[in-house]
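Presented below is the structure to which this report refers.
All residue numbers in this chain count up from 1 along the given sequence.
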Amino acid sequence: MKIKRNKITHKNKLRRNLLSVRIALITIISSIASIIAIEFGYILTQSIIRDYDEILDVDYEDSELMNDVMSKINKHEAIIFHHMVEQDPHERRKILNEEEDMEIRLQETMSSFEQNVRGTQYESGYHDLFSQVTNYLKNVQMVIDLSRDGNEQTANYYMRSVLAPIVRDMDELISEMENTLRRDVEDTKVKIRDNVGMMRIFVRIVLFILIVAAVFNVIYCVKISDEMVSCDMLTGVANFDNLIRVGEKLGKKRRLELYSGLAISIKDFKFINQEYGSSIGDRVLKEYATALNDKLKRNEIVARNGGDNFVALLEKDHVDDFLKSIMKVPVSLGEKMGLTLTSRCGIYQITESDTIYDVINAGVIAVGETRQSGANDFIWFRRERRDEMVRQKDILNGYHKAIDEEEFVVYYQPKVNLKTRTLCGCEALVRWIRNGELVPPNSFIPVLENDGKVQELDFYVFDRVCRDIGDWQRRGIQPVRVSSNFSKLHLHNKNFVDDVLSVVERYGADPYYLETELTESSGYEDLDAMKFFVSEMREAGIHTSMDDFGTGYSSLSLLRDIDMDVIKLDRTFLRDENDAKEEKMVENIVKMIHDLDRHVICEGVETEEQVEFLKRVGCTMAQGFLFDRPLTKEEFEKRLINPYYSS
């Protein structure tokens, strides 16, 4: 049963917007909490600072001033007593001066005390102390007057009965004030500790809130990132990485074999882009992706694999209905514009041993076959193609090891002058000796050609050819001209000529004995590049030849446009050497090549009858199994020493 869905792109955008709003709200809440925490912390800090200031600037100073008052009272009392017992008038005057000075200092201390306690809870205690100090000073004057008049006994009595009680009262009052002060200091300290504790608790709460907010932000950011990482940004469907993850999970659960893999592309999408522009092309892709996704079941997935290519995993019983629904996909590009898209699709029935990568590769191969077939837009992956795919993968995986360990070996197939039956040249051919067995060239050359690795292999062979020619020359063995094959892919390399010449210079090979061979089809793809290469080779003294002549549709025009030294006739010219018309046609072709001042050689010669045919049509050079199969270097050296072939 199909699940009804909204448009994918709109749905994904809505989800991301909701997640973004949640992140914004959490960020705002955590920011407000941070601001409140900072303000509350500031208030608590200011309160703590204020309390400490009160202890340091007020309470401790009050305590010092009270002690100072009592100390001056005691000193003043001692001075008065000294005055009473002193008999020398001169000393008495000095004592009175000291008393006056002490009284002034006492009054200054009381004045400082008054300023310090003004407006505090100790102000009333100060007034009590001030009254007692004032009373004390008045009675002190009475004692001084009695002592000065010679009434020491009365003065002494007055001092014991009046001044001493006043001093005791002041001492008790100050002690009481100090006790109150200590209690206040202890209360303030408790308050400070409470504020610090509250501050710690509040900071921990705020930190917890911020950590929770950060965790939620990370969670939502991961969700948004996952949406962005797992979805194709243009179309809104899953991206390729997401499909791989889903496929791997299904594989681990052993459920992948319940699905079929589909590689899907829009037919003639390149034309849509060219005709309407890339912006319309993007809109087509979005509409098409949405249409594909709307046709899925709940546990199915479709992912974009770049361009107009999509890959899907469908339940096996749903494939037929899905294919019918994508035969024609209408897309709307506005009120007055719309297109009906058709699809190409490669389908693969997944087996138990398959991985998601096998599924994708099989689907891509199958959809590639739809392009080649031209008629069938939906093709099921054939099992033999899977075997071929495995074989090709094995070749590509083993290629670099083969290069490094020199598993590729150069063989030389002789070319023979048919008039003299003598060796006149050879073609360098590559063979792969893998695990002690010979790998046929037609099983690995096309694979390397498709992958582009054949370019490296061509230079590997050419390197050995130049090395062998240089070796033969140094050893006094007369070489013959050796042709080396180069893929048409080299023509796309701007440094092709320089790369060839650098190998020649490395081994000091005589260019006269070198021939570079390109296929006829190379000229169709890049005529200018081929003409340039042939020209540069001729200037360097290296011959060039055209292989497979006669297999294309423009052979004659290539003869006219490209000044090759040697033209190699394809073996198809030897199909029927007894056909008079065929013989006449080949004879005229050979004559035309000779008239253009070029050499001609025919490959694939296997019988004496074919030799006689070639002689009749004027072709005097040939190569083939009649004379020699491809030879190893050592075997070919023997042929160089004995270049004659018996008839």
Check: [X] side chain, [Y] main-chain N or O, donor-acceptor pair, under 3.5 Å:
{"X": "Thr109", "Y": "Asp68", "answer": "no"}
{"X": "Gln132", "Y": "Met170", "answer": "yes"}
{"X": "Lys252", "Y": "Glu248", "answer": "no"}
{"X": "Ser278", "Y": "Gly281", "answer": "no"}
{"X": "Arg304", "Y": "Gly307", "answer": "yes"}
{"X": "Asn239", "Y": "Asn242", "answer": "yes"}
{"X": "Asn397", "Y": "Lys393", "answer": "yes"}
{"X": "Asp232", "Y": "Thr235", "answer": "yes"}

- Which residues share a salt bridge (Lys or Arg N to Asp or Glu O under 4.0 Å) with Asp451, sequence neighbours left out: Lys453
- Message: Checking Thr154 now: which residues fulfil side chain to side chain contact (heavy atoms under 4.5 Å, CB included) with it, not counting sequence neighbours?
- Response: Leu146, Asn151
- By side chain to side chain contact (heavy atoms under 4.5 Å, CB included) - contacts of Glu176 (at least two apart): none
[X] and [Y]: side chain donor to acceptor below 3.5 Å:
{"X": "Asp282", "Y": "Ser279", "value": "no"}
{"X": "Asp354", "Y": "Thr351", "value": "yes"}
{"X": "Tyr399", "Y": "Glu456", "value": "yes"}
{"X": "Asn156", "Y": "Arg160", "value": "yes"}
{"X": "Asn135", "Y": "Asn139", "value": "yes"}
{"X": "Ser502", "Y": "Asp499", "value": "no"}

- Item | Salt-bridge contact Asp317-Lys297 (side-chain N to carboxylate O under 4.0 Å) | yes
- Task: Kindly indicate, with the supporting measurements, whether the criterion salt bridge (charged side-chain N to carboxylate O under 4.0 Å, His left out) is fulfilled by Arg344 and Asp308.
- Result: CA-CA 11 Å; Arg344 297 184 187 277; Asp308 65 315; over 6 Å; no
Quick check: are there more than 12 heavy atoms from other residues, nucleotides or ligands sitting under 6.0 Å from [atom1] of [X]?
{"X": "Lys94", "atom1": "NZ", "value": "no"}
{"X": "Gln115", "atom1": "CD", "value": "yes"}
{"X": "Phe130", "atom1": "CZ", "value": "no"}

- Item | Ring centroid separation Tyr288 to Phe269 under 6.0 Å | no
